[in-house]
Amino acid sequence: MLASAAVDVQYAINALSLGSIYALFALGIALIFGIMQLLNFAHGELIMVGGYTMYVASGHMGWPGLMAVGIAMVVLFALAMERVAFRPVRGASPATLLVTSFAVSYLLQNLTILIFDARPKSVSVASFLSESFDVGALSFSKLSIVTVVVTIGLLAGLALFLKKTPIGVQMRAAAEDFRMARLCGARTNLVIATAFGVSGLLAGVAAILLVAQTGQLTPDVGLTPVLIAFVATIIGGMGSLAGAVLGGLLLGVTSTVLDVVLWTNARPYRDSLLFGGVILVLLLRPQGILVGVVARTSRV
Amino acid sequence: VRARTLAATGARRAWPVVAVAVPTVAIVLYGYGASDVLQRQITVMLMNMVLVVGLYVFAGNSGVLSFGHTSFTAIGAYVTALLTIPVFQKDVLLTRLPEWLRHAHVGAVPAMAAAGAVAAVFAAVIGIPLMRLNGIAASLGLFAVLVIVHNVAQHWEHVTRGTLTMLGVPTDTTMTRALLVALGAIVVAYVFQESKVGLRLRASREDEVTARSIGVNVTRDRWIALVISAFVVGVGGFLWAEFYGSFNPDVFYVQVTFITIAMLVVGGLHSLAGAVYGTIVVSAVAELLRRVEEGWAIDGWTIPHKGGMREVGLAILLLAILIFRPKGLTGGNEVGWPRPRRLARTLRRAPAAASGD
């Protein structure tokens with residue numbers, strides 16, 4: 001009895017930590033989409049940049065420095081991609097913007113192949129996180145706890161930033177109605193650049209958590225996160241930040257549950273089920289399935 | 001007199017096809033005298049042209065960009081494999097294939113037709129719900145289809161061998177065959193865009209609300225375009241399968257999607273000329289970069305072999321086009337009947353002034 005309850009709690013923790021990291025992926029995408037209708041496929045490559053930065057820097061510094069350098073580099077890349085690629089095409093149709101981000105993603109991925117070649121690299125960031133500790137009959141991985149805590153911290157910080165700082169308020173206004181916000185004096189370039197900076201910060205943290213979990217890096221490491229983020233943002237309602245977070249959590253929990261519930265033959269088709277769900281959401285509730293839960297006004 | 005006018009009109013109407021077919025054929029003629037390596041590259045270009053023209057039939061006419069057409073390529077390729085791998089080999093490779101499929105073996109033409117037909121039927125089914133979507137939602141819905149098809153191909157071991165390589169497909173795709181199919185695709189695309197459905201669709205692309213208001217059933221017309229376009233792309237899958245001889249699901253995924261979209265966008269999303277010229281230009285650049293990539297020596301300076309350079313070059317090309325010439329090299333126009341310069345200039349200006357840009 002006790003053993004099965006313990007297993008349940010562990011599953012719950014796993015689901016929560018998976019959901020948290022998915023929420024981080026989704027949040028970075030939703031932030032940009034809300035403001036400039038750009039579904040940033042290159043967000044995955046930001047995660048990749050973080051990973052490879054830490055790969056290069058590891059051995060030169062301790063883990064706090066490694067993390068700081070990783071995050072800084074990702075933020076830098078996010079700002080640069082906005083300035084170089086996305087600013088000139090601002091205002092184009094969402095499909096064109098998506099193609100642009102596709103090109104940026106392809107560029108960064110192949111630059112990485114050019115510099116590091118395509119073979120997998122192993123990186124260890126903060127290996128002490130991969131230990132687990134016991135509480136009674138339960139065994140927790142430190143990493144999953146850290147993931148949940150860090151996500152909650154980032155969400156709280158982001159919420160404060162958006163509610164309390166002038167630039168945060170401008171970002172929310174821009175997401176609500178971009179033209180109106182501009183007419184009222186919101187500084188477009190600053191708002192969008194800040195959004196990319198924050199999105200980069202989220203990607204940097206996600207990169208650390210992802211690398212700490214897998215310990216492996218390939219140039220296409222960003223593909224899975226970005227697909228997950230797409231699903232989560234669509235489920236949560238595109239452009240809604242709260243929706244993206246809930247979408248990510250929901251996706252993490254659903255994936256974990258499906259892994260347990262599905263019979264063995266169907267388990268490999270989990271992704272098909274998820275993307276089938278995406279199509280259903282697009283058809284039946286294009287505003288996202290959580291729109292009733294999250295009031296329209298909380299759209300950032 | 002009448003016969004001559006008719007002939008002139010006919011020539012004029014067929015001109016956009018001639019204008020794209022001539023350079024394509026010229027490249028192939030040049031290829032007959034060239035090295036094997038270059039012949040292979042030209043064949044690859046022609047196969048990509050089939051995919052890009054197929055994609056154009058839907059995306060160019062409807063204005064809805066599809067990120068899911070590679071799923072039709074994959075279906076065409078797997079259908080081809082199942083129908084053309086010699087039966088004795090199938091007995092070894094695919095032991096749990098349904099009985100009727102295990103003994104099925106057909107020639108190239110029926111296999112090609114089947115590849116296109118199965119892709120078209122698949123598109124017809126998914127199109128019923130998906131064509132109700134608009135804009136980015138439709139693009140994403142089609143992308144979801146690609147992810148699903150890839151996922152199923154990776155795990156449906158009985159039929160696709162899962163992540164293992166599908167092998168034993170006869171490697172019969174020659175440059176000539178690829179050329180014939182590419183020309184066929186061009187004709188299909190042109191006939192479609194000049195048909196009633198094609199014209200209605202192009203009207204809806206320019207202004208959907210107005211098109212609907214005069215009775216255009218946009219959803220149905222898009223569906224028709226999707227089915228035809230899937231057929232062409234499925235045939236493209238046939239060519240690829242018989243070119244590679246062996247392949248796995250990863251061959252038909254994000255990479256091909258990116259390349260084909262890049263070719264279409266570089267050339268110009270809204271015209272057949274854009275699809276064809278885009279394919280040619282991007283292939284030419286890719287071929288140049290491939291030579292750089294292989295490394296050469298000038299005056300004692302050696303540029304070593306580096307993987308990834310071609311892809312980096314393509315991405316930069318695509319970005320440059322998106323930023324500096326968002327309507328593509330052709331600006332979304334067909335190549336028209338040559339006419340006096342002054343008249344052409346006035347004609348070019350008039351619609352630009354009307355649309356206000």
Side-chain angles (χ1 to χ4, degrees), chain A residues 33 37-39 41 81 84-89 92-118 219-220 223 226-227 230-231 233-234 238 265-284 286, chain B residues 59 63-67 126 129-130 132-152 154-157 162-163 250 253-255 257-259 261-262 264-265 269 293 306-324 326-327:
Chain A
F33 187 83
Q37 304 289 298
L38 160 71
L39 209 48
F41 201 80
M81 86 171 50
V84 176
F86 296 129
R87 192 173 293 186
V89 297
S93 74
T96 309
L97 292 173
L98 184 51
V99 173
T100 311
S101 74
F102 231 43
V104 173
S105 143
Y106 198 71
L107 176 67
L108 290 178
Q109 226 182 82
N110 286 291
L111 270 178
T112 309
I113 295 180
L114 204 60
I115 299 169
F116 297 96
D117 76 50
D220 61 356
L223 181 63
V226 95
L227 290 183
F230 276 17
V231 177
T233 31
I234 292 169
M238 300 213 298
N265 285 342
R267 212 166 284 167
Y269 296 109
R270 196 190 68 185
D271 287 358
S272 294
L273 285 176
L274 291 178
F275 278 85
V278 165
I279 294 177
L280 282 181
V281 172
L282 283 171
L283 285 168
L284 305 175
Chain B
V64 178
L65 199 48
S66 164
F67 294 93
I126 60 152
L130 283 178
R132 296 153 53 101
L133 296 173
N134 237 329
I136 188 90
S139 305
L140 288 176
L142 286 161
F143 184 65
V145 170
L146 173 61
V147 177
I148 293 173
V149 167
H150 178 253
N151 179 242
V152 169
Q154 267 189 330
H155 296 288
W156 196 12
E157 279 104 0
T163 46
D250 290 340
Y253 202 34
V254 177
Q255 177 100 359
T257 308
F258 175 79
I259 300 274
I261 289 178
L264 188 54
V265 171
L269 178 61
E293 208 175 75
K306 275 283 187 185
M309 199 182 281
R310 186 166 34 153
E311 288 77 7
V312 169
L314 283 185
I316 291 174
L317 174 68
L318 178 59
L319 277 175
I321 292 282
L322 283 164
I323 292 170
F324 299 112
K327 284 189 163 176

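All values reported here derive from a predicted model rather than from experimental measurement.
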Chain A contact via [X] - which portion, at a heavy-atom distance below 4.5 Å:
X	result
A262(B)	neither
V64(B)	neither
I261(B)	side chain
L133(B)	side chain
V147(B)	side chain
F67(B)	side chain
V265(B)	side chain

Checking heavy atoms, do the side chain of [X], its backbone, both or neither come under 4.5 Å from chain B?
X	result
V231(A)	neither
L97(A)	neither
L227(A)	side chain
L223(A)	side chain
L108(A)	neither
V99(A)	both

Kindly assign one of parallel, tilted or perpendicular to the pair F102(A) and F258(B), based on the angle between their ring planes and the thresholds 30° and 60°. tilted

Which value, rounded to the nearest 0.5 Å, describes the distance between [X] atom [atom1] and [Y] atom [atom2]?
X	Y	atom1	atom2	answer
I234(A)	L140(B)	CD1	CG	4.5 Å
T100(A)	L319(B)	OG1	CG	7.0 Å
M309(B)	N110(A)	CE	CG	11.5 Å

Work out which heavy atom in P129(B) is nearest to a heavy atom in L283(A); give both atom names and the distance. O-CD2, 3.1 Å

Residues S272(A) and V152(B): closest non-hydrogen pair is OG-CG2, 3.8 Å

Do the non-hydrogen side-chain atoms of F275(A) and N151(B) ever get within less than 4.5 Å of each other? no

